[in-house]
Amino acid sequence: MTQNFGTKRIVVGAHYGLRDWLAQRVTALLMALFTLLVLLQILMPGELDYDRWAGIFAAQWMKVLSFVVILSLALHAWVGVRDILMDYVKPVGVRLLAQVFAIAWLLGCTGWAVQVLWRL
Amino acid sequence: MADTAKTRPGTIHLIDALQYRLPLAGVVSILHRASAAILFVLLPFVIWMFDASVTSEISFSRFTSAFVAGLGFVPAWLVKLAVLALIWSYLHHFIAGLRHLWMDATHSVSKEFGRQSAVFTLALSGLLTVLLGARLFGLY
């Protein structure tokens, strides 16, 4: 009989688990760096009035970066919410409903955030 | 065999799980999820604040007045409470998340590191929440 364990194990599946896990980490790192970047600009000397605050996000490079972070947030939150639902919500119908709601919720929020960002 | 089958706990409900005394790393872990849930639920409020604060000077004054005069039928103290919940959630999720990334990257998985970094996470997020919360509610 051929060996099917250890390094000889026949790996099956589409690696969705690993992909989601990695995506959540990469998006987390992106958002963490973005947080520090925004904090750094807020903590610059001078009063934080409307012009300075809006000016932070009005710069084109900041817009593009914020856009990437908004998408990252949606993906990150989807992986996390899906994990939570898979752990605590066992009835398939209820879980499906909750997952559909989570997707709609996150897509709606993403659209709104992008709209706010892009009309600046 | 029949004896062990009898003593099995069976399905664990949340009410049973609450009776476990979690190690600090476990507390950080469940709070990581709780803070995620709060951030998820309050996401539209975050985007409303972003919208109001950057769109125009007029909307900016609507944003600042929400903390003084309230927002529609929501009183100002409730707006501040929601922001305080966001502050704690973000801080805890941020620091606990960095702790996870650090553990993933360095494989520093030991009981001692788990406990110490959990203490650090709880202390730092708690301290910063108190500081920012006091500022939010105008204590200094």
Side-chain angles (χ1 to χ4, degrees), chain A residues 21-22 24-36 38-39 42 48-58 62-63 66 69-70 73-74 76-85 87-90 98 101-103 105-120, chain B residues 10-18 29-65 86-87 89-106 125 128 132 135:
Chain A
W21 178 86
L22 194 61
Q24 201 174 34
R25 265 72 187 168
V26 172
T27 51
L29 200 60
L30 254 170
M31 289 187 287
L33 291 174
F34 182 79
T35 303
L36 296 179
V38 173
L39 262 183
I42 289 175
L48 191 66
D49 55 2
Y50 169 75
D51 284 334
R52 225 190 94 200
W53 169 247
I56 291 176
F57 296 96
M62 221 14 217
K63 256 186 212 178
S66 307
V69 165
I70 290 168
L73 176 74
H76 181 94
W78 164 241
V79 175
V81 167
R82 185 169 161 268
D83 279 346
I84 291 180
L85 291 175
D87 277 356
Y88 303 134
V89 184
K90 296 301 177 187
F101 168 78
I103 291 174
W105 183 262
L106 288 172
L107 280 181
C109 287
T110 304
W112 185 11
V114 170
Q115 180 199 20
V116 171
L117 186 70
W118 233 261
R119 70 181 168 209
L120 258 182
Chain B
T11 312
I12 296 179
H13 296 287
L14 186 62
I15 196 78
D16 304 319
L18 288 174
S29 177
I30 194 65
L31 289 181
H32 197 68
R33 285 198 158 177
S35 57
I38 292 172
L39 291 167
F40 177 81
V41 170
L42 290 180
L43 199 52
F45 177 54
V46 175
I47 301 170
W48 177 85
M49 286 196 292
F50 180 54
D51 189 350
S53 66
V54 297
T55 298
S56 69
E57 298 233 33
I58 297 165
S59 67
F60 184 79
S61 61
R62 199 158 56 230
F63 166 74
T64 49
S65 80
L86 282 173
I87 289 173
S89 300
Y90 200 91
L91 283 169
H92 182 87
H93 206 81
F94 184 93
I95 300 168
L98 286 185
R99 174 174 175 268
H100 270 305
L101 286 176
W102 178 260
M103 283 172 146
D104 287 343
T106 62
S125 64
L128 289 174
L132 292 170
R135 184 100 177 90

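Computed from a prediction, not measured in an experiment: that's the story for all the values here.
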Is chain B contacted by the side chain of A:Leu106, its backbone, both, or neither, given a heavy-atom distance below 4.5 Å? side chain

Just checking B:Arg135: does its CZ atom have more than 12 heavy atoms from other residues, nucleotides or ligands closer to it than 6.0 angstrom? no

Could you have a look at A:Tyr88, A:Trp53, A:Phe57 and say which one has the most heavy-atom pairs with chain B under 4.5 angstrom? A:Trp53

Closest non-hydrogen atom pair, A:Cys109 against B:Ile47: O-CD1, 3.2 Å

Under the criterion side chain to side chain contact (heavy atoms under 4.5 Å, CB included), I'd like the reasoning laid out for A:Arg119 against B:Val54: C-alpha separation, chi angles, the key distance, then a yes or no. CA-CA 10 Å; A:Arg119 70 181 168 209; B:Val54 297; over 6 Å; no

Mind ranking A:Thr35, A:Leu29, A:Val81, A:Asp51 by heavy-atom pairs under 4.5 Å with chain B and telling me who comes out on top? A:Thr35

Euclidean distance, A:Met31 CE relative to B:His93 NE2, rounded to 0.5 Å: 7.0 Å

Can you tell me if B:Ile58 has over 12 outside heavy atoms packed within less than 6.0 Å of its CD1? no

CA sep, side-chain torsions, deciding dist, call: B:Phe60, A:Asp49, side chain to side chain contact (heavy atoms under 4.5 Å, CB included): CA-CA 9 Å; B:Phe60 184 79; A:Asp49 55 2; 5.7 Å; no

Inter-residue atom distance A:Leu120.CG - B:Phe50.CZ, 0.5 Å rounding: 6.0 Å

Need one label for A:Ala102: side chain, backbone, both or neither, based on atoms under 4.5 Å from any heavy atom in chain B. both

Ranked by heavy-atom pairs below 4.5 Å to chain A, first place among B:Gly97, B:Ala36, B:Pro44 goes to B:Pro44

Tell me whether A:Trp21 at atom CH2 has more than 12 heavy atoms from other residues, nucleotides or ligands lying less than 6.0 Å away. yes

What class does the angle between the rings of B:Phe40 and A:Trp105 fall in, given that below 30° is parallel, 30 to 60° is tilted and above 60° is perpendicular? tilted

Need one label for A:Ile56: side chain, backbone, both or neither, based on atoms under 4.5 Å from any heavy atom in chain B. neither

Quick check on A:Trp78 against chain B: is it the side chain, the backbone, both or neither that has a heavy atom closer than 4.5 Å? neither

To the nearest 0.5 Å, atom CG of B:Leu43 lies from atom CH2 of A:Trp112 at 9.5 Å

Less than 4.5 Å to any heavy atom of chain A: does that hold for the side chain of B:Tyr90, its backbone, both, or neither? side chain

